[in-house]
Amino acid sequence: MSKQKTKYCCQECGYETPKWMGKCPGCQSWNTMVEEVETVVRTQGMNSSVVRTKEKPTPIIQIESSPEPRVLTNNKELNRVLGGGIVPGSLILVGGDPGIGKSTLLLQTSFALTQVGQKVLYISGEESIKQTKLRADRLNAFSDLLYVLCETNLDLIAEAIEDLKPDFMVIDSIQTVYHPSIASAPGTVAQVRECTGHFMRIAKGQGIAIVLVGHVTKEGAIAGPRLLEHMVDCVLYFEGERHHSYRLLRAVKNRFGSTNEIGIFEMQESGLVEVSNPSELFLSERPLGVAGSTVVASMEGTRPVLVEIQALVSSTNFPSPRRMATGVDHNRLSLIIAVLEKRMGLFLQNQDAYLNVAGGVKLDEPAVDLAIAICIASSFKDQPTRPYDVVFGEIGLTGEVRGVSRVDQRVKEAEKLGFRRVIMPEKSLKGWTPPSGMEIIGVNTVSEALAAALGN
């Protein structure tokens, strides 16, 4: 027997309630409750025809470990983000803003896999076959092993997978796929959860690497319940500014590699082109001898990246000064300004402060604190820093400079790009040998760093 039951489900966090609410108790979001119809099936006892297998617990020392086989593409940046290539049977979730280039990247990846003998099935639920063909014409992605299907019915997609038996598959996007037995509309929590679980069973059972394209909310997070990110093996965010041609592919979860790894691409007419030397790219338009500009050596996963940070400090006539930050956390900027006021005596209470990371890249590690402080002090005093200095270090609330990790990789990247001096925490000088041509200045406090950078 089956009976239908009505419930209300939050489209942000998946919270369920039998009655409608204006504000979700789970995530505190307004107007996110959507009515869904749930079919409850009641059975009389257990089905005796179902064969159940029982597995015995195994000691962990008796389990054989072997490296996961990977399929390499001709895109080195994508291989880096995935941890060395695509693992067969893995479930990958890719999210990003509309029009950022997710479909372009995955169609290029699909074509690249066909060049190594992989059979690829590209399922588009948002575009027709002709629209996909127009993108393939622009990217020059043609192969007999690349199959395209425009379908949103999960049962029909499963039949196509069973007939074709691909090695790699793309679902663009998961919010358009629906299960016929669920009464909810496509894109709701129930549909996304059930369809993702079905694709997970296909990937693990048949060894097919599946990529799911996910929509994002206005805050930039992947739409749907958080359970979606827990179910997949890898979560990738495709980031970038619309006014810049550069795109960043960032891994925030990876069961087969390191997290916070990034790959950098440039959007051109022929598609996405990988950027092999991002530091040189971000510093190509850097002005020299200008107050408020500093180069920081940041670690993005296992890769050191040199980025220019710019600050502008100007007096304001309003009682509350403005604090604006692009590319770094706004709260971190306010914290560093408070340290400069309290520990260094800089009167910034009547000054507007604007901070920007050139190139559209986002920096979220604490090692950029010292560069931000030097940028703000340089702009406030109108004293330029040396054009060939690199700065990194974490700042504490008492004004001390704390040590950071992977110092040798940061310094080697600076040496490769022609920088001559590095201002860094003195606590990080132990355990490695600096290059002979680099001048290393170790500092313990913010005042020492400002004296070395600004010469006062």
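Numbers here are sequence positions counted from 1. Everything numeric here is computed off the predicted structure, so don't read it as measured data. All values below were derived from every heavy atom in this structure, side-chain atoms included, with hydrogens, water molecules and symmetry-related copies excluded.
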For E126 and S173, what are the C-alpha separation, side-chain angles and deciding distance, and is it a side chain to side chain donor-acceptor pair (under 3.5 Å)?
CA-CA 7 Å; E126 300 176 346; S173 63; 2.8 Å; yes

Begin with the C-alpha distance, continue with both residues' side-chain angles, and end with the deciding distance and a verdict on side-chain contact (heavy atoms from CB on, under 4.5 Å) for R135 and T104.
CA-CA 7 Å; R135 180 180 287 110; T104 301; 3.8 Å; yes

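- Between L429 and M424, some side-chain heavy-atom pair lies under the 4.5 Å cut-off.
- Side-chain contact check for L370 versus V443: some heavy-atom pair is nearer than 4.5 Å.
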Would T188 and Q191 count as a side chain to side chain donor-acceptor pair (under 3.5 Å) here? Give the steps.
CA-CA 5 Å; T188 57; Q191 288 284 4; 5.5 Å; no

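- One N or O on the side chain of S428 and one on the backbone of V404 form a donor-acceptor pair closer than 3.5 Å.
- One finds the CD1 atom of I264 at 9.5 Å from the CG atom of N277 (value rounded to the nearest 0.5 Å).
- Among the candidates L156, I210, I171, the single residue satisfying the side chain to side chain contact (heavy atoms under 4.5 Å, CB included) test with I123 is I171.
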Derivation and outcome, side-chain contact (heavy atoms from CB on, under 4.5 Å), residues L149 and Y122:
CA-CA 6 Å; L149 174 64; Y122 189 98; over 6 Å; no

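- The side-chain heavy atoms of Y15 and M33, taken from C-beta on, include a pair separated by under 4.5 Å.
- Residues L417 and L283 are in side-chain contact: their nearest non-hydrogen atoms beyond the backbone lie under 4.5 Å apart.
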What verdict does the side-chain contact (heavy atoms from CB on, under 4.5 Å) test give for I92 and L236, after you've listed the backbone C-alpha separation in whole Å, the side-chain angles of each residue and the deciding distance to 0.1 Å?
CA-CA 8 Å; I92 304 171; L236 306 179; 4.0 Å; yes

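- Here the closest non-hydrogen pair linking V446 and L340 is CG1-CD2, 4.1 Å.
- A pairwise comparison of heavy atoms in L82 and C234 identifies CD2-SG, 4.1 Å as the closest pair.
- Between P425 and R402, the shortest heavy-atom contact is CG-O, 3.1 Å.
- Judged purely by distance below 3.5 Å, without hydrogens or angles, the side chains of S103 and D172 pair a donor atom with an acceptor atom.
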Please report the C-alpha distance between V148 and K133 in whole Å, then the side-chain angles of each, then the deciding distance to 0.1 Å, and finally whether the side-chain contact (heavy atoms from CB on, under 4.5 Å) criterion is met.
CA-CA 9 Å; V148 180; K133 179 64 164 56; over 6 Å; no

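- Q131 CD: more than 12 foreign heavy atoms inside a 6.0 Å radius.
- Separation of atoms OG (S279) and NZ (K416) is listed at 7.0 Å; rounding is to 0.5 Å.
- Q175 places no side-chain N or O within donor-acceptor distance of the main-chain N or O of P186, the cut-off being under 3.5 Å.
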Checking salt bridge (charged side-chain N to carboxylate O under 4.0 Å, His left out) for the pair R303/E413: CA distance, chi angles, key distance, verdict?
CA-CA 9 Å; R303 161 188 283 175; E413 182 72 11; over 6 Å; no

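- Applying the side chain to side chain contact (heavy atoms under 4.5 Å, CB included) test between I309 and each of L355, I374, N356 identifies L355 as the sole match.
- When every heavy atom of V390 is checked against every heavy atom of A414, the shortest pair comes out as CG2-CB, 3.8 Å.
- Within 6.0 Å of atom CG in D163, more than 12 heavy atoms from other residues, nucleotides or ligands are found, so the atom counts as buried in its surroundings.
- In summary, R255 and D233 engage in a salt bridge, as defined by a charged side-chain N under 4.0 Å from a carboxylate O.
- The side-chain heavy atoms of P180 and N153, taken from C-beta on, include a pair separated by under 4.5 Å.
- Annotation for G271 and L139: closest pair CA-CD2, 3.4 Å, computed over non-hydrogen atoms.
- Annotation: the span from R323 atom CZ to N331 atom CG amounts to 13.0 Å, rounded to 0.5 Å.
- In summary, E239 and R250 engage in a salt bridge, as defined by a charged side-chain N under 4.0 Å from a carboxylate O.
- Using a cutoff of 4.0 Å between basic side-chain nitrogens and carboxylate oxygens, E308 and R286 are not scored as salt-bridged.
- For the atom pair CG (L93) and CD1 (I174), the distance works out to 8.5 Å, reported to the nearest 0.5 Å.
- In this structure, the side chains of K23 and S29 stay at 4.5 Å or more apart for every pair of heavy atoms.
- Note that CD of E274 is 7.0 Å distant from NZ of K76, once rounded to the nearest 0.5 Å.
- At least one side-chain heavy atom of L272 sits less than 4.5 Å from a side-chain heavy atom of Q108.
- V275 and F265 make their closest contact through CG2-C, 4.0 Å (heavy atoms, listed as atom of the first residue, atom of the second, distance).
- Heavy-atom neighbours of K204 NZ from other residues, nucleotides or ligands within 6.0 Å: above the threshold of 12.
- With F392 as the aromatic partner, R410 meets the cation-pi criteria of under 6.0 angstrom to the ring centre and within 45 degrees of the ring axis.
- In this structure, the side chain of D167 engages the main chain of K119 through a donor-acceptor pair within 3.5 Å.
- For I60, the CD1 atom counts as loosely surrounded, since its 6.0 Å shell holds 12 or fewer non-hydrogen atoms of other residues, nucleotides or ligands.
- Here the side chain of E16 pairs no donor or acceptor atom with the backbone of C9 at under 3.5 angstrom.
- In this structure, OG1 on T196 lies 13.0 Å from NE2 on H230, to the nearest 0.5 angstrom.
- The environment of M21 atom CE is dense: over 12 non-hydrogen atoms of other residues, nucleotides or ligands sit within 6.0 angstrom.
- Panel note: side chain D352, backbone R322; a donor-acceptor pair is recorded below 3.5 Å.
- Between E35 and K7, none of the side-chain N atoms (NZ, or NE/NH1/NH2) sits under 4.0 Å from a carboxylate O, so this pair counts as no salt bridge.
- Judged purely by atom type and a 3.5 angstrom limit, Q28 uses its side chain to pair as donor or acceptor with the backbone of P25.
- Look at R247 and D97 and you find no salt bridge, because none of the NZ, NE, NH1 or NH2 atoms lies under 4.0 Å from a carboxylate O.
- Judged purely by atom type and a 3.5 angstrom limit, K253 uses its side chain to pair as donor or acceptor with the backbone of E229.
- In this structure, the side chain of S379 engages the main chain of V313 through a donor-acceptor pair within 3.5 Å.
- Side-chain atoms of R138 and S270, non-hydrogen and from C-beta on, never get closer than 4.5 Å to each other.
- Heavy-atom contacts from other residues, nucleotides or ligands closer than 6.0 Å to CD of Q268 number more than 12.
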